[in-house]
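Notes for the one structure printed next.
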Amino acid sequence: SFEAPFLYLIFGREKALLLDTGAGNIPIQETVAGVVKSWLATAGLASIELVVVHTHGHGDHTAGDAQFAGQASTTVVPAKVAALQEFFGIKNWPTDIVSYDLGGRILDLIPIPGHEASHIAIYDRRTQLLFTGDTLYPGRLYVLGATTHGQWPVYQASIQRLVDFTATHPVTFLLGAHIEMTNEPGEQLAFRSTHHPNEHPLELRREHLLELHAALIEMGSTPEVRDHEHFVIYPMN
């Protein structure tokens with residue numbers, strides 16, 4: 001798939017969390033099962049519960065869900081606000097930030113709608129990595145329905161929430177779900193490109209989040225496409 005989404009598998013002692021299931025057409029469940037089997041052997045454990053969640057509900061992040069349905073010791077949490085609230089105990093969406101213990105490894109779930117209604121970020125306290133999905137990555141940051149469906153202020157509020165969270169939680173890197181930029185400052189890879197020469201590194205830093213935040217404040221209630229060296233703000237209606 002030209003979307004080439006990144007998936008993340010995070011292990012605790014009692015549970016493993018798979019973040020997104022990809023764009024389809026690959027045996028992702030078999031691949032994940034192989035990684036889990038190898039990890040169990042190294043950890044000296046017989047089994048572990050797998051929890052499948054999603055950064056958000058777009059098809060390139062959920063297309064592999066059917067492969068996990070009905071698998072042993074596997075729970076698939078639908079990429080829906082109500083399902084996320086029920087499973088993780090998020091009382092007030094999107095302002096509440098909740099923690100989830102994988103067994104000696106605590107994750108924080110931060111609701112960040114704007115790109116899509118059920119979008120979340122996940123912070124891993126052990127590695128201090130912040131997984132940001134399609135909300136921030138080296139590429140085109142689409143805010144769908146920016147003015148027609150009122151998503152622009154929702155997106156702005158979500159970025160503010162991430163800024164506030166990272167003010168008190170150290171971040172090594174922000175890891176998004178795609179790469180759509182090259183190493184040349186401001187240069188985008190062609191849309192639907194399946195060849196990424198001179199590709200931008202996946203990881204971003206908090207300074208890039210602050211850069212995005214400042215740009216959103218400057219634009220106020222008037223969204224516009226704006227090119228930056230490491231990402232492009234891309235409101236759409």
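In what follows, every heavy atom counts, from backbone to side chain, and hydrogens, waters and symmetry copies are set aside.
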Trace of the ring pair (Phe, Tyr, Trp, His ring centres under 6.0 Å) decision for His169 with Tyr123: CA-CA 9 Å; His169 297 76; Tyr123 178 76; 5.5 Å; yes
Ile97/Leu109 under side-chain contact (heavy atoms from CB on, under 4.5 Å): CA gap, chis, key distance, verdict: CA-CA 6 Å; Ile97 297 172; Leu109 278 77; over 6 Å; no
Glu86, CD: over 12 other non-hydrogen atoms inside 6.0 angstrom: no
Worked verdict on Ile106 versus Tyr100 for side-chain contact (heavy atoms from CB on, under 4.5 Å): CA-CA 6 Å; Ile106 297 177; Tyr100 187 68; over 6 Å; no
Validation row: Asp134, His61 side chains within 4.5 angstrom (heavy atoms): yes
Donor-acceptor under 3.5 Å (Thr194 side chain, Phe2 main chain): no
Separation between CG of Asn25 and OG of Ser1, rounded to the nearest 0.5 Å: 8.0 Å
Side chain Ser118, main chain Ala79, donor-acceptor under 3.5 Å: yes
Min side-chain heavy-atom separation His178-Pro5 under 4.5 Å: yes
Audit row: Ile122, Tyr8, side-chain contact (heavy atoms from CB on, under 4.5 Å) steps and yes/no: CA-CA 11 Å; Ile122 289 183; Tyr8 300 94; over 6 Å; no
Check: Gln160/Asp164 side-chain N/O donor and acceptor closer than 3.5 Å: yes
Backbone N/O of Thr132 and side chain of Thr55: donor-acceptor pair under 3.5 Å: no
Cluster overlap Val35 with Val76, hydrophobic side-chain contacts below 4.5 Å: yes
Closest contact, heavy atoms only, Pro113 versus Arg161: CD-NH1, 4.2 Å
Gln85 side-chain N/O to Ile90 backbone N/O, donor-acceptor pair under 3.5 Å: yes
Distance-minimising heavy-atom pair for Leu162 and Ala121: CD2-CB, 4.0 Å
Within-4.5 Å side-chain heavy-atom neighbours: Phe173 and Leu202: no
Atom CZ of Arg205: over 12 foreign heavy atoms under 6.0 Å: no
Audit row: His119, Thr135, side-chain contact (heavy atoms from CB on, under 4.5 Å) steps and yes/no: CA-CA 8 Å; His119 209 305; Thr135 293; 3.3 Å; yes
Pair Glu211, His228: side-chain N/O donor-acceptor within cut-off below 3.5 Å: yes
Set of side-chain hydrogen bond (donor to acceptor under 3.5 Å, both in side chains) partners for Thr166, sequence neighbours left out: Arg206
Side-chain donor or acceptor of Glu229 paired with backbone N/O of Gly186 under 3.5 Å: no
Any side-chain heavy-atom pair of Leu107 and Arg125 under 4.5 Å: no
Modelled atom types, side-chain donor and acceptor of Asp65 and Thr21, under 3.5 Å: yes
Verify same cluster id: Leu130, Leu216 (apolar side-chain graph, 4.5 Å): yes
Heavy-atom check, side chain of Leu18 versus side chain of Val51, under 4.5 Å: no
Side chains of Pro235 and Val225 in contact at under 4.5 Å (non-hydrogen atoms): yes
Pair Thr31, Gln29: side-chain N/O donor-acceptor within cut-off below 3.5 Å: no
Selection residues 138-161 - residue pairs positive for ring-ring contact (aromatic ring centres under 6.0 Å, His included), sequence neighbours left out: Tyr142-Tyr234
Nearest non-hydrogen partners of Phe68 and Thr74, listed with the distance: O-CG2, 3.8 Å
Polar side-chain atom of Ser158 near backbone of Val154 as donor-acceptor pair, under 3.5 Å: yes
Asn237 side chain to Thr148 backbone, donor-acceptor under 3.5 Å: yes
Residue pair Leu19 / Ile10, side-chain heavy-atom distance below 4.5 Å: no
Tyr137 and Glu180: side chain donor to acceptor below 3.5 Å: yes
Phe6 versus Gly176, closest heavy-atom pair with distance: CB-O, 4.2 Å
Any donor-acceptor N or O pair under 3.5 Å, side chains His58, His115: yes
Asn198 atom CG, over 12 foreign heavy atoms within 6.0 Å: yes
Hphob cluster co-occupancy, Phe87 + Val52, side-chain heavy atoms under 4.5 angstrom: no
Heavy-atom check, side chain of Thr182 versus side chain of Glu199, under 4.5 Å: no
Closest approach of His230 to Leu204 (non-hydrogen atoms, all atoms of both residues): CB-CD2, 4.2 Å
NZ/NE/NH1/NH2 to OD/OE distance under 4.0 Å, Arg226 and Glu224: yes
Under 3.5 Å donor-acceptor, His54 side chain and Val77 backbone: yes
Gap separating the CD1 atom of Ile110 from the CD1 atom of Ile120, nearest 0.5 angstrom: 9.5 Å
Hphob cluster co-occupancy, Trp39 + Leu9, side-chain heavy atoms under 4.5 angstrom: yes
Atom of Arg126, atom of Gly104 and distance for their closest heavy-atom approach: NH2-O, 3.2 Å
Donor-acceptor pair, side chain of Gln188 and main chain of Arg140, under 3.5 angstrom: no
